[in-house]
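Each remark here refers to the structure printed beneath this line.
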Number of protein chains: 2
Amino acid sequence: MKILVVEDDASTADYIARGLKEQGHVVDKAANGRDGLFLAAGEGYDLLIVDRMLPGVDGLKLVKTVRGAGVETPVLFLTTLGGLDDRVAGLEAGADDYLVKPFAFAELAARVNALGRRASRPVQDTVLRVHDLALDRLKRTVERAGQPITLQNQEFRLLEYLMSRAGEVVTRTMLLENVWDFHFDPKTNIVETHMSRLRGKVDRGFDAELIHTVRGAGYVLRAPR
Amino acid sequence: MKILVVEDDASTADYIARGLKEQGHVVDKAANGRDGLFLAAGEGYDLLIVDRMLPGVDGLKLVKTVRGAGVETPVLFLTTLGGLDDRVAGLEAGADDYLVKPFAFAELAARVNALGRRASRPVQDTVLRVHDLALDRLKRTVERAGQPITLQNQEFRLLEYLMSRAGEVVTRTMLLENVWDFHFDPKTNIVETHMSRLRGKVDRGFDAELIHTVRGAGYVLRAPR
DNA sequence: GTCCTCTCATGAAGATTCTCGTGGTGGAAG
DNA sequence: CTTCCACCACGAGAATCTTCATGAGAGGAC
């Protein structure tokens with residue numbers, strides 16, 4: 001694999017480059033954003049490893065620019081800030097994965113391999129919207145008509161699935177397979193129970209219902225007409 | 001979409017065919033396994049809807065034969081028997097989905113659309129094996145050295161992920177993203193806790209350890225050398 | 001070799017999720 | 001129109017999963 005490392009700290013860059021070369025990869029280095037951008041846009045790399053903080057053009061901007069130019073090369077972000085917001089910003093800019101410094105080399109290697117294998121996955125939207133309901137996959141937040149809604153994990157996954165298929169009838173079996181990972185019938189009404197709880201949070205208190213029951217078939221999430 | 005319905009009961013076949021035609025699909029019918037096999041192998045269908053019980057060549061055999069001939073067309077199975085074993089058999093034979101009769105037409109339509117969209121997904125093994133440990137994704141069973149092991153849902157997903165990457169180092173972050181669907185750091189040792197419980201069931205009492213800790217990086221599931 | 005620090009393992013407590021049972025509602029049959 | 005039946009909603013209790021707190025073990029510094 002041909003990898004570009006964009007990192008201003010020389011010792012970190014060397015540490016990464018040496019390790020990756022030992023694993024049989026071809027590694028180029030760039031010490032600042034401008035050089036990085038130039039190389040990333042021109043040469044055919046299989047992976048970019050980019051520091052978040054860079055002199056010149058910073059990491060975020062670099063990734064956005066590269067993506068804007070239509071380059072689909074996977075990007076692994078290195079960040080010193082451990083905060084959630086920072087990672088979200090990186091992922092939203094178009095990065096495929098992130099790693100918080102300091103990190104063990106084995107961890108970097110594992111991620112490099114994972115990204116290399118994945119190549120280019122289908123892109124999917126970060127924010128799902130139906131009517132006045134919005135769900136952010138990365139921030140894991142939901143709000144309706146501007147009001148934040150707190151959902152449990154399972155409720156969130158259920159809503160995410162419903163919204164990703166808004167307007168289509170979703171059967172009980174489809175939900176069991178895709179939300180719960182059940183490939184058999186648990187013979188309980190687990191779906192109804194969670195749907196009931198989700199309705200309590202998403203529909204109750206608002207003027208229009210979004211979740212509708214389709215008797216004999218399943219459920220639909222649909223904007224009022 | 002061009003769809004073939006293989007169903008011996010004429011009224012059911014008509015019911016399905018009429019509904020699908022209303023949705024704009026092109027539908028052919030076959031009343032027995034032999035005709036179905038002939039058509040499925042020859043014409044370029046986008047989807048096969050096959051009854052489990054058929055005179056002549058039965059549904060299971062039909063699917064196996066078709067798959068054996070290298071035809072990748074998605075298959076939706078119709079079954080009257082609601083038992084788990086029956087569905088498993090269908091999926092193992094190469095079907096992509098199943099539907100238990102009687103069913104509402106809306107449910108069939110939803111599944112037909114889902115399969116049409118998916119087209120052909122990457123195939124993955126049903127049974128994962130590492131050393132004397134075996135995990136069956138469909139039957140949701142695990143056994144080691146012939147002894148059955150009972151796992152909770154989360155434990156099962158964790159082991160499934162480990163086994164699907166056997167021999168590779170798997171980091172805590174990768175586990176959080178792929179097993180728990182967490183795209184952020186929960187700042188707890190939830191991974192360690194479950195790993196501990198999994199070890200208790202999978203490794204304890206057997207002569208060789210399969211789950212190994214890689215300090216500073218993560219875990220590996222590996223056969224003893 | 002010894003101490004110190006950081007990571008990991010594990011049991012118990014708390015939170016969430018699932019199961020079960022009951023009652024309600026809509027559609028079909030008479 | 002009335003009755004019946006199937007499907008659905010929802011609260012309470014049980015099971016499972018997650019968090020927290022603590023101790024043990026590994027690796028590095030001196």
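Letters go in sequence order (proteins before strands), and every chain restarts at 1. The figures here come from the full heavy-atom set of this structure, side chains too, leaving out hydrogens, waters and symmetry mates.
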Q.
Over all strands shown, is R157(A) touching base, sugar-phosphate only, or nothing at heavy-atom distances under 4.0 angstrom?
A. nothing

Q) Is there a side-chain contact between L115(A) and L76(A), using heavy atoms and a 4.5 Å cut-off? A) yes

(Q) I need the CD-P distance between E155(B) and dT18(D), as an integer number of Å. (A) 10 Å

Q: Taking heavy atoms of chain A and a 4.0 Å limit, find me the 5'-most and 3'-most nucleotide of DNA chain C within that range.
A: dT16(C) to dG21(C)

Q: Check the distance between dC17(D)'s P and N153(B)'s CG and give it to me in whole angstrom.
A: 6 Å

Q) Checking K201(A) side chain against I149(A) main chain: does a donor-acceptor pair fall under 3.5 Å? A) no

Q. Between the side chains of S164(B) and R137(B), does any donor sit under 3.5 Å from an acceptor?
A. no

Q: Can you sort out the partners of F105(B) under side chain to side chain contact (heavy atoms under 4.5 Å, CB included), two or more places apart, ordered by chain and number?
A: Y15(B), L20(B), Q23(B), L108(B), A109(B)

Q. Hey, is the side chain of S196(A) poking within less than 4.0 Å of OP1 or OP2 on dC8(D), counting only N and O atoms?
A. no

Q | Main-chain N/O of M174(B) paired with E177(B) side-chain donor or acceptor, under 3.5 Å | A | no

Q. Once you round to the nearest 0.5 Å, how far does CG of L158(A) lie from CZ of R197(A)?
A. 10.5 Å

Q) For dT18(D), does either OP1 or OP2 sit under 4.0 Å from a side-chain N or O belonging to W180(B)? A) yes

Q: Figure out the CG/P separation between L175(A) and dC8(D), and round it to whole Å.
A: 12 Å

Q | K21(B) side, atom NZ; I3(B) side, atom CD1 - distance, nearest 0.5 Å | A | 11.0 Å

Q | Test item: side-chain donor near acceptor, R140(A) and N153(A), under 3.5 Å | A | yes

Q: Classify the nucleic acid contact of Q152(B) as base, sugar-phosphate or nothing, counting any heavy atom under 4.0 Å across all strands shown.
A: sugar-phosphate

Q | dA9(D) OP1/OP2 closer than 4.0 Å to side-chain N/O of Y219(A) | A | yes

Q. How does protein reach along nucleotides 19-30 of chain D, written 5' to 3' as B (base within reach of a heavy atom under 4.0 Å), S (only sugar-phosphate), or - (no contact)?
A. BBB---BS----

Q) Taking atom C1' of dT18(D) as reference, at what distance in whole Å does atom CG of L176(B) sit? A) 12 Å

Q. Do E7(A) and K29(A) sit within salt-bridge range, that is, some charged N less than 4.0 Å from a carboxylate O?
A. no

Q. For the pair made of CD in E209(A) and C1' in dA9(D), what is the distance, rounded to whole Å?
A. 13 Å

